[in-house]
2 protein chains.
Amino acid sequence: MRQKRGGRAAGVTMEDVARVAGVSAMTVSRVLRQPTLVNADLKAKVEAAIRETGYIYNLVASSLASQRSGIIALILPTVASSIFTDSVKGVSDVARTHAVQMIMAETNYSPAEEEKVIEALLRRRPDGFVIVGVSHTRATRALLEKSGVPVVETWDSTPTPIDSLVGLSNFDAMKAMTEALVAQGFRRIAFVGTATRDRRAQMRAKGYEAGIAEAGLGAPLILNADDLTSMESGRVVAERVAALHPRPDALLCLNDVLAAGALLAFQRMGLAVPGDIAVAGFGGLDFSSHLNPSLSTVDIPRYEMGQKAAEMLIGRIAGTAAQGGTCEMGYRIVLRESTGSSRPAETQAS
Amino acid sequence: MRQKRGGRAAGVTMEDVARVAGVSAMTVSRVLRQPTLVNADLKAKVEAAIRETGYIYNLVASSLASQRSGIIALILPTVASSIFTDSVKGVSDVARTHAVQMIMAETNYSPAEEEKVIEALLRRRPDGFVIVGVSHTRATRALLEKSGVPVVETWDSTPTPIDSLVGLSNFDAMKAMTEALVAQGFRRIAFVGTATRDRRAQMRAKGYEAGIAEAGLGAPLILNADDLTSMESGRVVAERVAALHPRPDALLCLNDVLAAGALLAFQRMGLAVPGDIAVAGFGGLDFSSHLNPSLSTVDIPRYEMGQKAAEMLIGRIAGTAAQGGTCEMGYRIVLRESTGSSRPAETQAS
DNA sequence: GTGAAAGCGCTAACAG
DNA sequence: CTGTTAGCGCTTTCAC
C-alpha cells in the first residue's frame, strides 16, 4: 500500500486505515484495544475502513511499542510424550482466554538445554514463563531473575521457587503408591526408572525407597531404563524383571507409559498380571484405565496444573498476584486390576 | 539501563553494548548477524561487551525492522492427541535447525475456528505456515493468498494446494488396508469413525467404501463415534459393534486410538481378537505394536511429513523453492496379530 | 570494514 | 473523546 525507500509494497498499516476512516492512527489503535473509549460513530467508520482495506493488526510493532509481547513461554522436557499434553492444553486454554499466545520449547530433560532454550526465548520478550520442573542451572536462574519476567514453575515442589509455584510432590505421591502396594500385600516391590539427570524421576524413586524402608521390606530394588518415556523401554525392563530370582511380586514404574509397556510385555511372555506380578504406574493417563487388566496409577491433575500455572502467571503479569505465590496440587492413588484389587479403590490425598 | 520519559528502567540495548565496546550499534548488529563481515578485534570487543552487560538480543525490534519474524506457524486440529505429536516434532526439529521459532495453534477440526486462528496468527507476522489439512473456508484461503505468506499444507492431498503440499492420500491408504483385510479372508468388515466435518476422516471412510465395493462385499457398514480421538470412544463403539447381528468379522478404525479402545473393550467383554473379531487401525502409533494382540495398522510417516513440510516451507521463505511444490508421502500396511496374521507382514506402498 | 540517518508500525504520554 | 509528538530497539541504505 506504500512504497518506501525502494522497498517492496508493505501491507496495510494503521495509518492507511486511519486515512480511509478520516481519523488519526491513535483512534484506530483505540478502536482495536479500548473500544469503549471511542465514539460509536467513529468506531463504526474505523471498523468499516478495517474491513475495506483488509487491515491486519501488527502485533510485532505493537509489542515493541508497548513493551508487551502478549506471549507466554512454556518450557517442558518433551512435547512428543503423552505425559505433558494435558498440561500443555491447560496452559494453552487459559492463554487463549486471555488473548495471549503460548509458545513452547523442549529441554529433553537437560538443564543445560533448558538454559539455552530459555535464553533463546527471552529474545522474543515473552511476558512470562511456565516452566516444568524446579531444577535449573545457576545461570538459568540468574538469567530469569535478572530479566524480571514472571515465572511459574510446576510439576515439582521446592521451598525456593524462582518466583511462583504450582507444586506437586513426586516424593509423597510415589511413597503413597508404594504404601498402597504394601497394604495390598506385596512384599518384593521393584521400581523402574530412575534417571540421575531428572529431579522429578529422582524424587519418585526416593519416595519409593522411603515407602519400602518404612514398611521394613529390606533393600529396595531400583532398575534403570535408557529411555524413560517409551513403551518399548517398559518392555525391555520387563524382560529383565522376569528373569530375576526371586522375581519381584510387583513392579512400580516411573510413569504409565513404562508401566503399560511392562504390563503388556509380561502378558506376552506368559506371566499373569497381577497373578504372577503386579504392575503400577504414575500419571493417571487415559489409556491406563482401558488396559486389560486396568492399570493402577497415581492420578495427578495434569490439565489443572497447566491451567493453574497459566492463571498464576497471568496474574503475575497483570500485577494482581504477588511474587512467591505457591499452590500445592494433590494426587490420587488409583488402585485397579493390575495390582489385584477386584474393584477399583481410589484414595484421595494431599 | 536508561530512564526514558519517566518509565521504568528498560533492559540493556544494542546501543548500550555499542557504547561499552566503543563501536556503533550497527557493528554490534553485524557481530550478531553477519560476524564474518566484522574485523576480528572489534568482534572480540563487542562479544566481551555483550557478556559484560548481559545483553539479550531483542527479536521483537529485529522483526519489526527487518520485516522477518523468524517464526513459522503450525496449524493443527488438536495438540492433545498422540496422532500429531510426531509431526509437531518433525516441524519443530527442522525449525530449530534453522533458528526459527515454531508456534502452534489448534482448530479443533473446525474450518471456522481455523479461520480465526490463522487470522490471529497473521498478526504476529509469521514467515510461513504449515497447515494440517487442505480443507479451508473460502475466507481462509483468500486471507492466506492475500497475505503472501508461504504455506505448506500436509496430511491430506489435493490437486489445488494454496501454495505447496506434502501430501498423503488418506483414501488410498485406507482402501489399501481394506483390501488387505479382504485378502486375509474377512468378509463383514465394518468401519468406525466418519465425521462429516473432517475431510481426512471422510477420505478414509471413502477409501474403505471403495475397497468394500471393489471386493463385491455388499453394503459397507460405517459407524460413527462422537469423539474420534479417544480410547473411550473406541470402547463405546465396540459395545455397539458387539451387539450387531450378524456381528462383523473385522472392525477397521479411523485411527489407532479408536482401534486400541475397541480392541481392549472386545477383550474385556470376552470376545477374542482376532478370533471373534479382527481389529485394525490407522496411523502406525507406537503403542500399536505393543498391544496383545499387536494391532494391524496403516503406518504413515508422521515425523517425516512434519519434517518435509517444514523444510519445504523454509525453502519457500528463503526463496529457493518455487510455489506449487508438491511431495507425496507413502504409507505402509502393517498386518499384525489383531487381524490374524501369525507373523507380521508388511507391505510397502505408494 | 564501519558508521549515520531514516525508518519499521505501533503506542505512551500529554494536550486539547 | 481525539490528536500530536516522540519514541520502542533494531536494520536498511548509503556514504565513507
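Quick note on labels: first sequence line is chain A, next is B, and so on, each numbered from 1.
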Short N-O contact, B:Arg96 and A:Glu106, less than 4.0 angstrom
yes

Have a look at B:Arg30 and say if it touches a base, only the backbone sugar-phosphate, or nothing, with a 4.0 Å heavy-atom cut-off.
base

The residue, B:Val38 or A:Ser29, whose nearest nucleotide of DNA chain C is more 5′ is B:Val38

Can you confirm whether the side chains of A:Thr140 and A:Thr137 place a donor and an acceptor under 3.5 Å from each other?
yes

Using 0.5 Å steps for rounding, measure from the NE2 atom of B:His136 to the CD atom of B:Glu153.
3.5 Å

Regarding B:Leu37, tell me which of base, sugar-phosphate or nothing describes its non-hydrogen contacts under 4.0 Å with the strands shown.
sugar-phosphate

Please tell me if B:Ser62 has a side-chain N or O lying less than 4.0 Å from either OP1 or OP2 of D:dT11.
yes

If the cut-off is 4.0 Å, is B:Gln34 near the phosphate of D:dT11, judged by side-chain N/O to OP1 or OP2?
no

Can you tell me how the ring of B:Tyr109 sits relative to the ring of B:Phe84, calling it parallel under 30°, perpendicular over 60° and tilted otherwise?
tilted

Between the side chains of B:Glu15 and B:Arg19, is the shortest nitrogen-to-carboxylate-oxygen separation below 4.0 Å, so that they form an ion pair?
no

Describe the nucleic acid contact of B:Leu42 in one word from base, sugar-phosphate, nothing, applying a heavy-atom distance below 4.0 Å.
sugar-phosphate

Looking at A:Arg141 and A:Glu115, does any basic side-chain N land under 4.0 Å from a carboxylate oxygen?
no

Sub-4.0 Å heavy-atom contacts from residues 116-125 of chain B onto DNA chain D, ordered by number
none

